[in-house]
Each structure stands twice: as C-alpha cells, then as structure tokens.
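A quick write-up on the structure given underneath.
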Amino acid sequence: MHSYNPSAIETKWQKYWLENKTFKTPTDTSKPKFYVLDMFPYPSGSGLHVGHPEGYTATDIVARYKRMNGFNVLHPMGWDAFGLPAEQYAVKTGTHPKITTEKNVNKFREQLQAIGFSYDWDREINTTDPDYFKWTQWIFLKLFERGLAYEDEVAVNWCPELGTVLANEEVIDGKSEVGGYPVVRKPMRQWVLKITEYAERLLNDLEDLDWPESLKDMQRNWIGKSIGAEVDFQIKDHNDKLTVFTTRPDTIFGATYMVIAPEHRLVNEITTDDQKDAVAKYRAEVELKSDLERQELTKEKTGVFTGAYAINPANGKEVPIWIADYVLVSYGTGAIMAVPAQDERDWEFAEKYDLEIVRTVQPEEGFEGKAYTGNGPAINSDFLNGLKIKEAKQKIIRFLEEKGAGKKAVNYKLRDWLFSRQRYWGEPFPIIHVDGEAKAISKDELPLELPEVEKYEPTGNGEPPLANATEWVKTTDPETGKEAIRETNTMPQWAGSCWYYLRYISPDFDGGPVDPDYEKYWMPVDLYIGGAEHAVLHLLYARFWHKVLYDCGILSTKEPFQKLVNQGMILGEMEYTSKDGKKLSDDEVEKKGDGFVEKSTGAKVEARAHKMSKSRGNVINPDNIIAQYGADSLRLYEMFMGPLEQVKPWSTKGVEGVNRFLNRAWRLLINEDSGELNSKINDGEPTKDQLKVLHEAIKKVTEDIESLRFNTAISSLMIFTNEANQWNTIPKSIAQDFVILLSPFAPHFCEELWKLMGNNDSIAYAEWPEFVEEYLKEDSILYPIQINGKVRSEINIPSDKAMDKEFVLEQAKQEEKIKEYLESSEIIKEIFVPKRIINLVLKPR
RNA sequence: GCCCGAGUGGUGGAAUUGGUAGACACGUUGGACUUAAAAUCCAAUUCUAAUUAAAUUGGAGUGCCGGUUCGAGUCCGGCCUCGGGUACCA
C-alpha cells in the first residue's frame with residue numbers, strides 16, 4: 001500500500017530542505033524583495049504550544065507564495081533568549097542559564113523544523129549570543145552618547161519576591177506580570193531611556209503604517225498626548241511659583257483650590273508650621289502604600305491642607321493648596337489647579353473637604369449631575385463670559401502669555417523607559433562608574449560578557465546578582481587609570497528584541513549592527529505577524545530604537561514594520577460545565593433557547609472555550625498532533641480554523657477533517673496500490689469545465705493569500721478536489737497547478753507529489769500559476785427573480801444576453817410562477833442588477 | 001468609567017462594493033461496502049407549518065428595538081451581551 005504517510009514524507013523533505021539549503025536567502029539584490037517576519041519566541045522549557053505555529057504558518061505560506069512569484073524572500077527565525085525563567089531555574093538548581101537556554105533553543109528549533117517552516121536557518125540569531133549582544137550594547141552606547149540614556153533616582157516598582165524592579169508595563173493591578181507577586185514603590189538608582197523625546201514622532205509616524213487601527217489606537221492612548229496650558233500660580237508669601245498643567249485653562253476662574261502630589265518638591269517649603277504634623281503624617285501613609293493599595297483606595301479620595309495659599313492669576317483670588325495622592329507626581333508638573341465644577345475628581349474631593357465650587361461653564365438645560373464636563377458658554381469668568389470652550393481657551397492663553405503667567409503646553413502620558421533590571425541573565429551595560437560618574441567603555445571592548453558567578457540571587461542588600469562578581473565589578477578606567485566600578489544592573493528583555501529584525505539582514509556583518517547596503521534593500525519589514533500582547537511594549541520600543549538609529553544615520557528607514565498583523569489566540573477545546581462545576585461531554589448537553597442545558601436535568605450549562613493553561617489541563621501539544629496527523633495537517637488546520645486575527649477554539653476533530661482532505665487529494669493523484677501516478681492523469685487537453693474549476697481555485701487562492709484569508713483559500717482547494725474527484729481523466733497540467741496552489745499550505749505533501757509527477761527540482765521555486773479571466777466565463781447566468789424583495793423563482797439567461805435588461809426582464813415575466821403573480825397585480829417598479837438579480841415590485845390590482 | 005473589536009445553524013466559519021444567508025469543514029442521521037469494525041463512498045442536515053411515498057409549497061430567521069431602501073448579515077440611530085486594552089493622566 002502506498003497511502004498517504006505523513007511521517008515518512010515529512011522527515012524526508014525536511015532533511016532535503018536543510019541539506020540543499022533550499023531556503024537560503026538570495027544575496028543578489030536585482031529582484032524585488034519581500035521581508036516576512038515572525039515575532040521570535042522566548043524559548044521556554046515547555047516547548048511550543050499550538051499558538052506559536054499559527055502566526056508562523058501564516059508567514060510561511062506568504063513566504064513560500066512570494067518565492068513562487070519571483071520575489072527574493074527574507075524569512076528568518078531566532079531566539080529572544082534572555083529572560084527570567086532560565087534565571088529562576090539557575091537560582092533553584094545552580095545550572096547556568098546558558099545551558100538551560102541552549103537546551104531549550106535546540107528543542108524549539110527541532111519543533112519548528114518538524115512543522116516544515118521555510119526559514120533560512122543560516123540566519124538564526126540568539127539575543128544571548130555575545131556576537132549578537134555586542135551590538136545591543138553598541139546601540140545602547142549610541143543612546144548614551146546622544147543623551148538618551150541617563151541615570152536617575154526614581155521611585156520604581158520593586159518586587160521583593162522577584163528581587164527586581166519592574167517596568168510600569170510589567171505591573172498589572174499592582175502585581176508582577178510574571179508570577180503575580182506584590183509590587184511596592186522604592187526609590188533606586190536606575191537607567192532610564194528618554195523615549196519621551198520621541199513621543200511626537202512615535203505618534204505622528206503611526207499614520208502611514210499598515211497596522212490594525214485598533215492597535216494604532218492602543219499606541220496613541222499609551223503615548224497619551226494632551227494639549228492644554230501650563231499656568232503659574234504665585235504662592236502667597238513665597239518666592240516660588242506653582243506651575244500646573246491643565247487641558248481646561250478656560251475654567252481657571254473656577255479654580256478654587258490647588259492640589260500638589262505628596263512627593264512634590266515644594267511640599268516642605270510651603271507647608272505652614274501648624275500643618276507640618278498633618279502633612280508629614282499623610283506623606284508617611286502614602287509612602288507605605290503599595291501600588292495595589294493605591295489603586296484599591298481610589299474610591300475614597302484623601303488629602304491634607306498645607307496651610308499655604310496660591311494666587312489665581314486670572315482673578316487674583318487666594319486659593320488653598322492641598323496635597324493629595326490623587327495627583328500624580330510623574331504626570332504633568334505634579335500639581336493641578338482644581339476646578340470642581342468641571343472635573344469629577346475635583347468635585348468629589350471638594351465635596352469631602354468642603355471646598356468652594358464655582359461653575360464656569362453653563363450646563364445644559366436639565367443637567368442634574370455634579371461636575372459638568374460638557375460644552376456650554378463660559379459663566380462667572382469675567383472677560384471669558386459667553387465664549388465657547390474653544391474660544392475661551394484661546395483667549396485665556398493669550399491673556400496668561402501677556403501676563404507672563406502661562407503658555408500653551410503639550411503633555412504626554414508616556415514616561416521615560418525604565419531600562420535596568422536587577423538580574424543576572426541579561427545584557428550587561430557597557431558602563432563603568434569612575435568617581436561616581438557613569439562613563440561608556442570603549443566600543444573595542446564589546447561585547448562585554450557576563451562574568452561567571454556562584455550564586456544567581458541578588459545580594460542581601462538588594463544589589464543585583466552581578467555585584468557578587470567582585471573581580472569583574474572592580475576595574476580600572478583605561479583612559480585615566482583610575483579605579484572604576486562596573487554597572488551591575490543588566491538590560492531588560494526588551495533590549496534584544498528592539499532591533500533583532502535588523503540583524504537577520506546581515507547576521508555576520510561586523511562593521512555595525514546591520515550592513516547599510518543590505519538594509520537599504522531589505523527594510524522595511526513587509527509583513528510582521530505576532531501576538532497582540534506586544535501591541536504597545538515591544539512595538540513601541542522597537543520603533544523608538546529604530547528612529548534613534550535612523551537619526552544616527554545607520555538606517556535609511558524611519559519605521560521598521562510596514563504591515564503588521566496580530567494573530568488571534570487559540571483557545572482550548574469547547575467545554576461544557578454545569579453550575580456545580582462538573583464537566584460534561586457534548587452528548588450530555590443540548591441546545592435550548594440561548595444556551596445549553598444538561599439533557600438529564602434540564603439545568604443550564606456553561607458552554608465556553610477557555611485559554612489553554614497547564615492548570616486547566618487543556619493544553620494541546622503540537623508534537624502529538626504531528627505524530628498523529630502530520631505537520632501538513634497541523635498547518636492546514638491552523639489556517640482553516642477561521643480568520644487569522646480572530647480568537648478561536650481548538651478542535652482536534654477539525655484536524656481530522658483537513659487530514660481527510662489531504663488523503664482524498666492523495667488518492668485523486670496517486671494510485672495507492674502502485675504508489676505511482678493515478679492512471680486517470682494523462683497528457684490530454686483540459687476541458688472547458690476543468691479549466692474553469694482550476695482557474696476559480698487559482699483566483700481565489702491567489703487573492704486570499706495576498707489578503708491573508710487562508711481559511712477561504714483552503715476551502716477553495718477543497719472545492720477543487722471535490723470537483724476533480726468526479727472527473728474520469730485529469731490532465732497533468734491541471735493536476736500540477738493544483739499541487740502548486742496547495743504547496744504553501746502543505747509543503748511536504750506537495751513536494752512528494754511534485755516529485756511523483758516527474759519533477760526533479762523542489763516545488764518551492766515552481767512558478768505560481770496565473771488565472772485567466774477567459775476561463776471563468778459562464779455559458780449562462782442564473783438570475784433569481786424576486787417579487788417585492790422575496791425570491792420566488794429563477795431563470796437561466798445565456799451569457800451573451802445577460803446584460804440585456806429588456807430581454808432579461810421580458811424572460812422573467814414569462815416565467816411560469818412569475819406569470820401567476822402578475823395575473824392579479826400590476827408592476828410598479830422593475831429592478832435589474834446586471835448579472836445579479838431581478839426584483840419586480842407589485843401592487844395588487 | 002473611557003477607547004477598540006465581535007455577536008450568523010448543534011460547532012468552527014462563508015457571504016470583500018447593499019442583490020438567492022448558511023460556501024467549506026466538524027458533528028449528527030440514514031444508506032452502500034465488510035463476517036464485523038475502522039477507513040472509504042453516497043445522501044440528508046437553519047427552524048417551523050401543510051401535505052406526502054418522494055417531490056413540493058408557505059411562514060420565520062444573521063444579539064435586541066427602530067429607521068433608510070425595490071431589496072439590509074452588510075448602511076443609520078438607540079440598546080444588550082461577550083472579548084481585548086486602559087484607568088485618579090488634570
């Protein structure tokens with residue numbers, strides 16, 4: 001028997017591709033290029049899950065399709081291999097993270113190769129490889145040189161359990177994203193990158209990118225640009241001014257008090273003697289709160305009067321200055337003018353502490369709420385009275401500018417990027433400290449490698465693990481010969497992934513991170529596919545570094561990723577759970593009304609697919625799927641499930657379905673007894689019908705791959721086999737084109753068939769067929785006939801008459817059933833849509 | 001709260017510009033082949049009513065309510081539910 005045997009075919013072709021370097025990236029730059037990129041994985045110890053191959057299969061199909069269309073394709077893979085799990089394992093077992101990482105990488109590589117991805121493995125990169133992170137360090141030095149990397153004493157998110165500082169983005173609901181441990185605020189010396197300097201460009205350049213609009217919105221929200229004014233309030237009996245940022249300068253006449261953040265630098269100076277104790281007590285309380293507590297306590301606002309007053313520059317009135325933790329020290333100026341009448345937070349606070357409220361915007365009629373944030377004319381505002389918000393804003397800003405008490409201003413939510421971690425397994429900073437000053441080491445000394453250490457834990461006093469490597473830490477400044485101390489923080493995991501897409505272009509280039517000639521050819525990335533979890537962090541950071549490198553003259557492009565698509569998550573199999581948490585099988589339940597009920601009891605049942613997780617026990621391992629059905633079935637199923645971007649539940653039955661399709665296609669073309677080509681296949685001329693069926697498939701598959709609609713592409717290939725199964729003979733040319741169309745989806749399967757059809761070269765570079773419009777023409781067009789918008793009958797019209805309105809309508813009226821309707825009614829309107837539909841609007845006589 | 005996205009058969013989904021809703025699969029049911037099973041092949045499968053041996057014919061139907069249109073899954077207005085992001089950002 002020579003039935004379809006995936007395991008034999010697949011290992012054979014995987015070996016062939018590797019040995020023949022079938023997917024080696026061309027180095028000539030004469031042909032058009034296409035750069036298809038996957039978000040590279042962190043090689044975790046648990047290996048691939050079925051979510052990984054989803055995006056990877058999508059890009060692989062595009063890569064293979066583009067090659068067959070004459071493009072030079074860059075389709076690489078690598079490892080984002082610095083990271084916490086390997087380090088935690090090292091802490092526990094003493095195994096060097098390098099060893100763990102290497103093991104995991106080998107496992108991942110094997111798994112990816114077993115799915116038949118057409119990566120150019122000669123360009124594999126690894127962020128932990130010194131030859132790679134040499135350039136990560138080099139780029140950091142560029143940032144340092146340009147003043148974009150600086151040290152600061154910042155209150156950071158300190159996670160005692162993890163022994164490290166976390167970025168804001170790594171803290172979720174006051175807990176660490178990894179592990180869910182509590183996080184507290186603690187001031188520490190940290191490296192920070194000035195991403196805020198690029199805020200405006202990061203915002204504006206989103207415009208021309210072919211990214212999902214929702215994702216652009218997420219980045220826009222994250223950057224959080226707001227336009228308003230900075231206003232100076234003179235502090236009574238002090239030389240200092242209090243500067244606030246506001247988006248509503250038009251409401252300044254309603255500013256009845258001020259609030260400054262408890263950490264604000266002026267707090268001590270302005271607090272009066274009789275308020276000192278209260279203020280000190282309040283600040284101590286705030287300091288002790290963890291992030292979590294701060295968030296939980298949002299419902300109840302708290303604050304303390306400082307005893308000081310500020311002078312409202314608009315009307316000269318004295319207003320009290322309070323401190324309260326609902327004002328954040330890190331946004332704007334850390335101080336606000338409170339306008340309770342037009343701001344909900346201020347209203348709440350004013351109500352609680354009995355502060356004055358003055359409306360300065362006339363609320364709409366019937367408004368019964370508290371703070372009014374809607375539109376309306378200004379009131380109680382002297383020279384602004386009667387103006388709309390927009391005009392009032394302009395006028396008050398002019399007034400303040402003339403008075404020297406304020407100016408138009410822009411603020412961003414985006415903060416500078418906290419760039420150091422107290423970990424071992426990360427890129428060391430190429431920095432030494434001489435006389436307490438940070439100083440770059442020479443670029444000749446790169447890569448600065450990690451020292452060997454005995455223990456991977458932080459030191460007892462909160463110093464990073466590298467501080468344990470005393471010999472490495474103590475060094476001398478080669479320029480001055482002075483004693484120097486190495487930086488013991490390391491870079492965060494984002495560092496390596498900020499520029500990896502550039503290294504693939506010229507992985508062995510030693511004159512810089514990327515060879516400029518090839519960069520000009522290959523950049524930007526034409527298609528980048530990955531998970532939505534990187535919507536803001538990785539994608540924003542990478543864009544930032546890219547722009548810096550552009551400014552350094554190293555890159556020719558302003559943006560790295562022209563087109564970006566997020567693949568949707570794959571959930572576990574659908575589960576039916578009864579109220580008491582009992583799992584039910586699908587034949588124990590039935591549909592009733594909106595939901596499902598248990599057959600035996602009639603009780604409501606929850607029907608839902610859940611995220612795959614070890615604890616739920618619903619994780620699907622791709623290795624098992626491959627062992628049972630083959631990699632081609634896995635690829636096909638992952639694409640057939642539904643639209644790429646969508647969240648969808650896994651169904652192993654569905655894999656069987658596509659596997660059946662491959663078996664049917666095999667039997668269509670191969671004689672299972674002899675293992676040779678089916679005798680139905682001959683060198684005859686294709687019939688008109690065969691050409692039509694084939695070219696319909698060509699058209700659909702081509703268009704669908706271009707727009708990443710793989711599910712419908714596969715369905716059209718199924719339609720082809722269903723049709724072809726009914727043919728007595730199949731012209732070889734038709735069979736070959738079909739195999740080419742299927743090959744990006746099921747490459748091993750198609751290589752084998754291609755070979756059996758007598759071709760000696762890999763199908764990977766076969767020419768993609770072009771569809772011919774002529775073959776798609778129908779002999780006749782079927783017109784549905786509607787009466788008052790409801791289909792009542794249909795007629796067949798020969799193609800050459802199909803556009804003839806008069807003729808078609810006449811035929812329609814002659815149709816038996818339609819005639820009946822016409823007997824008792826008169827036609828008041830006739831609708832004719834060429835090649836689509838006829839609609840007769842009737843009125844009873 | 002705010003910003004996105006999505007609701008279509010028992011299930012995953014299709015219908016891309018408003019033009020026969022349910023392609024293609026899964027599942028289910030019946031049949032063929034088989035000693036039997038698996039595999040395979042054939043047929044049916046939105047709900048509902050009538051009648052029937054079959055065919056057929058009618059009504060309803062794309063989360064809910066309303067609108068525009070000869071015609072709405074698709075466009076507009078108002079809701080509901082679910083998912084994602086974000087949250088004292090002044």
Side-chain angles (χ1 to χ4, degrees), chain A residues 3 173 212-218 220-222 224-226 228 244-248 251 259 294-295 297-299 301 324-328 330-339 342-346 348-349 411-415 532-533 535-536 566 568-569 574 586-587 589-591 594 596 607-609 637 640-643 645-658 660-661 663-664 667 703-704 707 709 711-719 722 725 782-794 817 828-831 833 835-842:
Chain A
S3 52
D173 295 335
E213 205 50 40
S214 62
L215 197 145
K216 287 191 193 178
D217 271 339
M218 280 162 75
R220 288 188 192 111
N221 291 341
W222 195 265
K225 181 179 184 177
S226 50
V244 301
F245 174 74
T246 177
T247 54
R248 294 293 302 276
T251 62
V259 184
R294 263 193 147 176
Q295 283 179 11
L297 295 170
T298 55
K299 279 162 203 111
K301 291 196 170 30
D325 69 352
Y326 83 90
V327 170
L328 307 175
S330 49
Y331 181 77
T333 61
I336 61 157
M337 62 177 208
V339 189
Q342 274 85 228
D343 185 288
E344 281 162 19
R345 298 155 297 183
D346 295 345
E348 197 187 317
F349 192 78
N411 236 298
Y412 301 92
K413 271 203 286 194
L414 184 71
R415 312 287 159 80
E533 65 273 21
V536 269
N566 291 125
M569 206 188 343
M574 177 79 97
D586 47 358
D587 35 71
V589 298
E590 63 184 348
K591 179 96 178 189
D594 283 348
F596 283 84
R608 244 192 83 171
Y637 175 64
F640 188 62
M641 289 172 89
E645 299 91 328
Q646 203 164 297
V647 176
K648 39 207 176 276
W650 179 266
S651 155
T652 299
K653 286 279 186 205
V655 187
E656 285 176 22
V658 293
R660 236 171 274 169
F661 159 66
N663 273 297
R664 233 176 308 139
R667 287 193 301 270
E703 289 174 357
D704 284 352
S707 46
R709 289 186 310 245
N711 54 330
T712 47
I714 293 167
S715 119
S716 72
L717 289 165
M718 289 173 169
I719 291 171
N722 291 348
N725 251 321
L782 186 71
Y783 273 98
I785 309 169
Q786 296 184 332
I787 300 290
N788 294 334
K790 288 197 171 158
V791 178
R792 297 301 180 184
S793 187
E794 53 189 29
K817 280 188 63 189
I828 53 172
K829 196 166 186 179
E830 293 173 347
I831 309 285
V833 184
K835 292 189 173 178
R836 290 278 186 190
I837 209 160
I838 297 160
N839 189 8
L840 302 175
V841 185
L842 303 187

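These values consider heavy atoms only, across backbone and side chains, with no hydrogens, waters or symmetry-generated copies. Throughout, protein chains are lettered first and strands after them, A, B, ... in sequence-line order, and every chain is numbered starting at 1.
- The phosphate of B/rG71 (OP1 or OP2) has no side-chain N or O of A/Arg836 nearer than 4.0 angstrom.
- Between A/Lys653 and B/rC26, a side-chain N or O to OP1/OP2 separation shorter than 4.0 Å is absent.
- Nucleic acid contact class of A/Asn839 (heavy atoms, under 4.0 Å, all strands): base.
- In this structure B/rG7 sits in the anti conformation; its chi angle is more than 90° from 0.
- Counting atom types as modelled, A/Arg664 pairs no side-chain N or O with a base atom of B/rU40 as donor and acceptor under 3.5 Å.
- The aromatic rings of A/Phe349 and A/Tyr326 sit tilted, their planes meeting at an angle between 30° and 60°.
- A/Ser707 comes within 4.0 angstrom of no nucleic acid atom, judged by non-hydrogen atoms across all strands.
- Heavy atoms of A/Ile719 sit under 4.0 angstrom from primed sugar atoms or phosphate atoms, though from no base atom.
- Side-chain contact of A/Asn722 with A/Arg664: a donor-acceptor pair under 3.5 Å is present, judged by distance alone.
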- If pairs are Watson-Crick or G-U with both distances under 3.5 Å, what is the dot-bracket string of RNA chain B, marking crossing pairs with [ ] and pairs to another strand with |? (((((((..(((......[....)))((((((.......))))))(((((.....)))))..(((((..]....))))))))))))....

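- Proximity of A/Arg660 to the phosphate of B/rG27: a side-chain N or O atom is located under 4.0 Å from OP1 or OP2.
- Using a 4.0 Å heavy-atom distance criterion, A/Val833 is classed as a base contact.
- Distances from the side chain of A/Lys817 to the nucleotides B/rG13, B/rU57, B/rG27 place B/rU57 closest.
- Distance check on atom C1': B/rU51 versus B/rA37 gives 41 Å, rounded to whole Å.
- To the nearest whole angstrom, the two C1' atoms, one in B/rU48 and one in B/rU40, are 36 Å apart.
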- Task: Check step by step if side-chain contact (heavy atoms from CB on, under 4.5 Å) holds for A/Tyr637 and A/Glu656.
- Result: CA-CA 9 Å; A/Tyr637 175 64; A/Glu656 285 176 22; over 6 Å; no

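- Remark: A/Asn722 is in phosphate contact with B/rA25, judged by side-chain N or O atoms under 4.0 Å from OP1 or OP2.
- The distance from atom CD of A/Glu645 to atom P of B/rG84 is 18 Å, rounded to the nearest whole Å.
- A/Ser715 comes within contact range of at least one nucleobase, with a heavy-atom separation under 4.0 Å.
- Nucleic acid contact class of A/Phe640 (heavy atoms, under 4.0 Å, all strands): base.
- Nucleic acid contact class of A/Leu782 (heavy atoms, under 4.0 Å, all strands): base.
- Rounded to a whole Å, the NZ atom of A/Lys790 is 8 Å from the C1' atom of B/rG59.
- Looking at heavy-atom distances under 4.0 Å, A/Gly657 makes contact with sugar-phosphate atoms alone, never a base.
- Remark: A/Gln786 is not in phosphate contact with B/rU20, judged by side-chain N or O atoms under 4.0 Å from OP1 or OP2.
- Atom CD1 in A/Ile714 sits about 13 Å away from atom P in B/rC26, given to the nearest Å.
- A/Pro212 comes within 4.0 angstrom of nothing in the nucleic acid, heavy atoms only.
- The nearest whole Å value for the distance from the NZ atom in A/Lys225 to the P atom in B/rU86 is 22 Å.
- Going from atom CG of A/Asn725 over to atom P of B/rC42 covers 7 Å, rounded to whole Å.
- Residue A/Arg836 holds its CZ atom at 10.5 Å from OH of A/Tyr783, rounded to the nearest 0.5 Å.
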